[in-house]
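Remarks on the structure that follows.
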Amino acid sequence: GAGVAFVVDRAAAKVIGKIEHGDNKMSFAFLPDGKAVMGHSRKMVRKLAVPGGEQLGEWEVPLGVTGMTVIGNGESIVFSEVNGAITHYDLAAGAALHRFHEDPNLINRMVVSPDGTVLASGGFDSVLRFWSLATGEQLLAGEDHDNVVTAIAGRDRERTLPSSVW
């Protein structure tokens, strides 16, 4: 069945638009200008206008996407797949720049550093990992969290990165 996402003005607590995206499940990440969102479901990543939901672009990706984050102004994205892989994908070229963490453990959280150079990922392997987006190399594997990494948060201009587990 068709899915619908609502765009809400937080200050006014009012629905200002809706996006009919044709999928039962889709998660979204706003582009920095707030005029579009990147959304993913199954094997598709879509760029949709806000608030109207007009499709601005569509890309087919290899396997089922489980998570996604936008880099910079939306020139590229990083997505995790059902097989545990992470892919850095150039939207203009329509091609993968790097694939990393080819591991059967599902990645369920990712965040990109404010300067767009480092990716932090965590998931069912219980380890917080840091990756170079320029090369795809692992920079650091943090301590074992003793359980699934369920959240990672980062803020501009801060050098801390809290994470949590179940």
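Along the sequence shown, residues carry numbers from 1. Everything quoted here is computed from the prediction, not taken from an experiment.
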Do any N or O atoms from the side chain of Y89 and from the backbone of G94 form a donor-acceptor pair under 3.5 angstrom? yes
**Ion pair E81/R99, N-O distance below 4.0 Å** = yes
Rounded to the nearest 0.5 angstrom, the NE2-OG1 distance for H88 and T135 is 11.0 Å
> Do V50 and K35 come close enough that some side-chain heavy atom pair is under 4.5 Å?
Replying inline: no
In this structure, CZ of F130 is separated from CG of L140 (nearest 0.5 Å) by 6.0 Å
Discussion item. Using a 3.5 Å distance criterion without hydrogens, assess whether the side chain of S113 forms a donor-acceptor pair with backbone atoms of V118.
Written reply: yes
Is the closest side-chain heavy-atom distance between L91 and E75 below 4.5 Å?
no
So CZ of F100 and CD of E137: to nearest 0.5 Å the spacing works out to 11.0 Å
Next item on the list: Begin with the C-alpha distance, continue with both residues' side-chain angles, and end with the deciding distance and a verdict on side-chain contact (heavy atoms from CB on, under 4.5 Å) for L133 and T117.
Entry: CA-CA 5 Å; L133 286 171; T117 62; 5.8 Å; no
| message | Let's go through M38 and F79 carefully: what are the C-alpha distance in whole Å and the side-chain angles of both, what is the deciding distance for side-chain contact (heavy atoms from CB on, under 4.5 Å) to 0.1 Å, and is it a yes or a no? | response | CA-CA 11 Å; M38 299 298 292; F79 58 84; over 6 Å; no
| query | Is any side-chain heavy atom of I77 closer than 4.5 Å to a side-chain heavy atom of T69? | reply | no
Note: P32 and G72 closest approach over all heavy atoms is CG-O, 3.0 Å
Legend entry - Chi angles and distances behind the side-chain contact (heavy atoms from CB on, under 4.5 Å) call for V45, E58: CA-CA 6 Å; V45 173; E58 179 178 76; over 6 Å; no
Same cluster for W59 and V70 if Ile/Leu/Val/Met/Phe/Trp/Tyr side chains link at under 4.5 Å?
yes
In this structure, NE2 of H98 is separated from CH2 of W131 (nearest 0.5 Å) by 12.0 Å
Nearest heavy-atom contact between G74 and L31 is CA-CD2, 4.1 Å
Checklist line | Side chains of M110 and I86 in contact at under 4.5 Å (non-hydrogen atoms) | finding: yes
